[in-house]
**Student:** 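Handing you a structure now.
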Amino acid sequence: MCGIFGAICEDALSDTLKGLKLLEYRGYDSAGVAIKTQHNQLQLTKRVGRVSNVIAATQGLPKVQFAVGHTRWATHGEVCERNAHPFLSQDGRFALVHNGILDNYIQLREQLTQKGVHFVSDTDSEVAVQLLMTKAPLYDDIKDALTDTARMLHGSFAIAVLDSNTDSLYLLRRGSPLYIGISNSGNYLSSDVNTLRYFCSRVGVLEENAFCELNSKGATQYSIDDGRVLPIHYINVKTKQLDKDSQGDAMLSEIAEIPHALQKTFDYLTTTAICPDKSMANNIRRIYLIGCGTAYHSCLIGAQYIRRFCNVTVEAVLASEWWYSYYKADSNTLVVAVTQSGETADTLNAARECKRQGATVYAVTNVEGSTVTFVADKVILTQADNERAVASTKAYACQVLALTIFALQFAETKGLIASEQVADYKADFYALPRAVGSVLAEGDKDIDRVANKLSQSKAVYFIGRGTDYFTAREGSLKLKEVSYIHSEAYASGELKHGTLAMMEKGVTVVGIACDSEVMSRHKATVSEITSRGADVITVTPYCTPNECDTLVIPIVNAIYYPILSVVPLQLLAYKCAVLRGCDADKPRNLAKSVTVE
Ligand code: G6P
């Protein structure tokens, strides 16, 4: 949540603004930059709204060598310029940006106010910069003042500080991710590893509870606890061109990339050992798949397939509920943490706790070098490429594919399914990217018609049975996320236990019915709904009753329907957003990567 970017290079302001634009998916209610001028003064520009407002406001400023910036997702304090980052220390020496939550900010604020500090914002973050200001005179070396400050902060933080007195940027990290990028043309910092790809190929991952000095010569990392130097773990990342991914209608183009992403992910999954070996597989008594939001829906599907094929107790768990649900993990437990970004705080915390209890942790993630890749014992990388739209589409498809192949390979390793059968399932995969392609190519007119209906509905319900129910949940979440239409998902059989009371004219029900065996039941459900005045739309590869509208999808091996049938639902959500004038890429109140609990 919130994006932090900083640069030390020939045109640090321009690069920082480019970095912020790429980070905008993390929060977009306000943004700001701080630069160090040629006269060693700090100059702040902050605006409510998007990064483009800051870009416009900084037009014409001369080139500078040092800059830090921030794009905000408000946690403490209303959305306004005053509460936007960076914050300046009262004496004007430091500018600071922060991602995370400072739990003890009220006490610190009181103490500092008593010492005569005047606060300009309502945020927790400003406390850090004013505290640093009071610490600086106590030490000869600013690094000691920074570590002292960091030790007094409780909670989570990724902090970057610009100091008008030195030619360094200072970084503090606890709980929230922070990366540095090193290149011949400049050095950078970012709260997101993906953003750094556009500027350099060498990325350093800051340690938990670490402090780092970054200047034009490089970086040195220290422990906040005892001040000792910590080696920086560098990874080489594939660089990218800025123009390619950084503009346009991200959600729509990411849906269009699903066939390619699936193929790449399949090729990777089937040539990489993604499952435990036989002895470990036989020792596993329990599997938990944990995730949040869309990732949780892929866990539900993955758990269904593991249950079906692997003869092991398995459960999909909302990562945010881990702490409240009396789950236990031990050395016979395998935990699969599913997270597109690899940075979701709830998922990371639950995964760390499972590890602490002795479990083996696997990660399914789309971002190489993300925090979860350091938490997990093994990483399964989906190959969806960078996903920018807040609502996950192509990464979700790849997560479901990864968990499907995982279930098959796990069952094969345990000798529960014949290798020939697994080979058949894999052979049938090749029809899937083509089937998705045909939904994309041919579905347009039908999807437009249905989107028109949905966007005028007073409420939309999504229903299904088995894995179709999980797809219904994902379709409903997608619609809510991007179009703000009220929507809920139910297992079809549950309708008559309450929700049928809501059926009347003006309500639309979207049914997913990909399982041929449930089609007759679905037909009965359609009658129950339409006879009460509501409309029904069915996503299916089969014939449907006359009284309901249909979005037809191609026939594929049934195991792949959750990947195929979600595509028209993603398109529907996108089109409803457009019809209702919503920004599908950046829905209100949301952020792509939720790094706070
Ligand atoms: C946020 C996003 C969702 C996403 C969820 C989990 O809530 O808005 O779209 O599904 O986080 O994200 P992850 O990166 O862990 O998959």
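Order of listing sets the numbers, starting from 1, for every ligand and every atom in it. The figures that follow rest on heavy atoms only: side chains count, while hydrogens, waters and symmetry mates do not.
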**Student:** Has Thr195 got a side-chain atom pairing as donor or acceptor with Leu22's backbone, closer than 3.5 angstrom?
**Tutor:**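 Looks like no, no N/O pair under 3.5 Å.
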**Student:** Working to the nearest 0.5 Å, report the span between CG of Leu403 and CD1 of Ile301.
**Tutor:**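 It comes to 9.0 Å.
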**Student:** Look at atom 15 (O) of ligand 1 and say which protein heavy atom is nearest, naming residue and atom and giving the distance to 0.1 Å.
**Tutor:**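 Nearest protein contact, heavy atoms only, for atom 15 (O) of ligand 1 is Thr344 OG1, 2.4 Å.
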**Student:** Checking the side chain of Thr347 only, and the main-chain atoms of Glu343 only, is there a donor and an acceptor separated by less than 3.5 Å?
**Tutor:**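 Between the backbone of Glu343 and the side chain of Thr347 there is no qualifying donor-acceptor contact (under 3.5 Å).
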**Student:** Mark yes or no for whether Arg580, through its side chain, and Ser483, through its backbone, hold a donor-acceptor pair below 3.5 Å.
**Tutor:** yes
**Student:** Would Arg173 pass as a cation-pi partner of Phe157, given that its NZ or CZ must be under 6.0 Å from the six-membered ring centre and within 45 degrees of the axis?
**Tutor:** no
**Student:** Enter the distance from Leu171:CG to Leu178:CG here, rounded to the nearest 0.5 Å.
**Tutor:** 4.5 Å
**Student:** Would you say Leu590 contacts ligand 1, with heavy atoms under 4.0 Å as the rule?
**Tutor:**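 So Leu590 does not count as touching ligand 1.
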**Student:** Take atom NE2 of His260 as the centre, draw a 6.0 Å sphere, and report whether it contains more than 12 heavy atoms from other residues, nucleotides or ligands.
**Tutor:** no
**Student:** List every atom of ligand 1 that sits less than 4.0 Å from any heavy atom of Thr294, numbering the atoms from 1 in the order shown and giving each element.
**Tutor:** 10 (O)
**Student:** For ligand 1, is there an N or O atom under 3.5 Å from any N or O atom of Gly342?
**Tutor:** no
**Student:** Among protein heavy atoms, which sits nearest to atom 16 (O) of ligand 1, and what does the distance come to when rounded to 0.1 Å?
**Tutor:**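 Looking only at protein heavy atoms, the one closest to atom 16 (O) of ligand 1 is Gln340 N, 2.7 Å.
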**Student:** In the protein, which heavy atom is nearest to atom 7 (O) of ligand 1, and how far is it?
**Tutor:**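 Ranked first by proximity to atom 7 (O) of ligand 1 is Val594 CG2, 3.7 Å.
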**Student:** Between the candidates Ser341, Ala319, Gly291, which shows the shortest non-hydrogen contact distance to atom 14 (O) of ligand 1?
**Tutor:**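 It is Ser341 that holds the nearest heavy atom.
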**Student:** With side chain to side chain donor-acceptor pair (under 3.5 Å) as the criterion, how do Tyr561 and Asp515 come out once you've worked through the C-alpha distance, each side chain's angles and the decisive distance to 0.1 Å?
**Tutor:** CA-CA 9 Å; Tyr561 277 126; Asp515 184 339; over 6 Å; no
**Student:** By number and element, which atoms of ligand 1 are closer than 4.0 Å to a non-hydrogen atom of Val390?
**Tutor:** 8 (O), 9 (O)
**Student:** Considering heavy atoms of the protein only, find what lies nearest to atom 8 (O) of ligand 1 and give residue, atom and distance to 0.1 Å.
**Tutor:**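 Atom 8 (O) of ligand 1 sits closest to the protein heavy atom Ala591 O, 3.0 Å.
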**Student:** Taking heavy atoms and a distance under 4.0 Å, where does Glu481 meet ligand 1: side chain, backbone, both or neither?
**Tutor:** side chain
**Student:** How far is atom 11 (O) of ligand 1 from the closest protein heavy atom, and which atom is that?
**Tutor:**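 Its nearest protein heavy-atom neighbour is Lys592 O, 3.6 Å.
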**Student:** Give me the nearest non-hydrogen protein atom to atom 6 (C) of ligand 1 as residue plus atom name, then the distance to 0.1 Å.
**Tutor:** Cys292 O, 3.3 Å
